[in-house]
There are 2 protein chains.
Amino acid sequence: MAQNVYKAHDHHACIDSAVSRARTLCEEQGARLTPVRQRVLELVWANHKPVGAYDLLPKLAEEGFNSAPPTVYRALDFLLDLGLVHRISSLNAFIGCTHPGEAHPSCFFVCRECGEAQELDAEQVNKIARQAEQMLGVKVEQQMTELMGLCPRCQDAV
Amino acid sequence: MAQNVYKAHDHHACIDSAVSRARTLCEEQGARLTPVRQRVLELVWANHKPVGAYDLLPKLAEEGFNSAPPTVYRALDFLLDLGLVHRISSLNAFIGCTHPGEAHPSCFFVCRECGEAQELDAEQVNKIARQAEQMLGVKVEQQMTELMGLCPRCQDAV
DNA sequence: GGAGATTAGGTTATAATGTTGCAATTCTAC
DNA sequence: GTAGAATTGCAACATTATAACCTAATCTCC
């Protein structure tokens with residue numbers, strides 16, 4: 001299980017480590033972590049809630065970056081390719097990956113109240129994939145699982 | 001495992017049984033399977049590929065139905081609520097459910113070449129959900145898993 | 001260090017997907 | 001048959017994502 005977002009933590013450390021992991025990964029892969037790309041990564045990591053591409057635009061604009069949709073989508077595509085962020089399809093939104101570096105399935109729990117997302121271990125999804133490959137003869141290349149419900153805090157808040 | 005779409009089958013039977021299951025389910029629940037709703041269900045079942053809402057519009061128009069977006073989305077929402085169709089978030093598309101009646105997680109394999117989708121048994125996803133509930137204290141209400149890759153036919157075609 | 005190739009970013013327009021709000025109609029139950 | 005609920009028609013609009021085309025920056029190789 002990845003780091004638990006429901007526990008108190010120094011969130012600056014989340015952002016910092018996300019950026020430094022990104023830097024390392026880019027060096028390894030010969031990719032360029034340009035200013036827009038790094039800033040988009042930081043903004044995605046601003047909290048643990050998936051963020052829409054169009055939410056990022058005004059923030060980039062404030063800081064003097066170009067802020068047309070293609071700019072953000074290109075940065076997001078770059079980060080997705082490197083596995084630094086995941087896309088939460090059911091929300092059309094993006095969230096930082098807690099363990100980038102190796103290709104891995106996207107597997108999240110998202111709270112329908114507060115919107116916070118928790119990355120989950122995807123071992124079981126791998127099992128589904130292997131099962132499907134054996135029983136149906138398909139070849140699985142990508143996987144995503146999204147669970148929705150209430151996080152501990154929002155259950156209590158009711 | 002639900003019915004295997006990669007095996008030859010009489011597809012009219014798929015559609016017919018989908019409609020008759022829908023009829024039964026609607027009676028049980030006191031819901032109305034109106035003409036638009038039934039036709040949308042049939043169109044979604046036209047093949048085993050997820051279909052976009054906007055793909056349905058012209059087909060409905062041809063047949064004299066109203067064909068504004070809300071018409072289709074309302075019908076789809078109705079069918080989703082009853083579990084008669086699933087939404088494939090990563091494609092913004094909809095596909096018929098092979099075993100409606102009880103609430104159950106959405107779990108599909110989708111071929112990136114031909115677009116055909118195969119519903120999968122979601123037992124493993126239930127495990128993920130129970131694990132997350134125990135370890136994190138979350139409450140899972142909805143689940144979806146989407147696998148992407150190549151189906152047997154499209155692997156051979158390469 | 002300079003030519004050509006590659007990658008990244010700027011800009012405008014537009015495509016694709018999904019929603020809101022309200023009026024009109026149809027159905028259901030009493 | 002009438003009130004209330006559910007459904008549909010309709011127009012406008014909101015959100016999300018991409019295409020196309022060009023300029024600028026960076027890299028590579030000699």
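Side-chain atoms are counted along with the backbone in the values below, which use heavy atoms only and exclude waters and symmetry mates. Values in this document were obtained by computation on a predicted structure and should not be read as measured data. Every chain is numbered from 1 and lettered A, B, ... according to where its sequence line falls, protein lines coming before strand lines.
Whole-Å rounding puts the A/L76 CG to D/dA17 P distance at 9 Å. The separation between A/F78 atom CZ and C/dG9 atom C1' is 13 Å, rounded to whole Å. Between A/N66 atom CG and D/dC22 atom P there is a gap of 18 Å when expressed in whole angstrom units. When the C1' atom of C/dT12 is taken as reference, atom CG of A/L57 falls 15 Å away, rounded to whole Å. Rounded to a whole Å, the CG atom of A/D55 is 13 Å from the C1' atom of D/dA14. Remark: P of D/dT15 and CG of A/L56 are 15 Å apart, rounded to the nearest angstrom. Spacing between atom CZ of A/F65 and atom P of C/dA8 amounts to 16 Å, rounded to whole angstrom units. Regarding A/E27, its CD atom lies at a distance of 16 Å from the C1' atom of D/dC27, rounded to whole Å.
Closest to the side chain of B/P70, from the set C/dT20, C/dT17, C/dT11, is C/dT20. For A/T34, the listed nucleotide lying nearest its side chain is C/dA8; candidates were C/dA8, D/dC10, D/dT8. Listed candidates were D/dT16, C/dT11, D/dT8. Nearest to the side chain of B/R74 is D/dT8. Closest to the A/Y73 side chain, of the nucleotides D/dC10, C/dT11, D/dT16, is D/dT16. Side-chain proximity of B/T71 to C/dA8, D/dG9, C/dG18: nearest is D/dG9.
Panel note: side chain A/E146, backbone A/I88; no donor-acceptor pair is recorded below 3.5 Å. Within the 3.5 Å criterion, the main-chain N or O of B/C154 finds no donor-acceptor partner in the side chain of B/E113.
Where B/R32 and A/R87 each meet DNA chain D at their nearest nucleotide, the meeting point lying more 5' is that of B/R32. Mapped onto DNA chain C by nearest heavy atom, A/R37 and A/A68 fall at different nucleotides, with A/R37 at the one closer to the 5' end.
For the OP1/OP2 pair of D/dT16 and a distance below 4.0 Å, the side-chain nitrogens and oxygens of B/N92 include no atom meeting the criterion.
Between A/H11 and A/W45, the angle of the ring planes lies from 30° to 60°, which puts this pair in the tilted group.
With centroids closer than 5.5 Å and planes inclined by less than 30 degrees as the test, A/Y54 and the base of D/dT16 pass as a stacked pair.
Interatomic distance, CZ of B/R153 versus SG of B/C111, reported as 9.0 Å (0.5 Å rounding). Rounded to the nearest 0.5 Å, atoms NE2 (A/H48) and NE2 (A/H9) are 3.0 Å apart.
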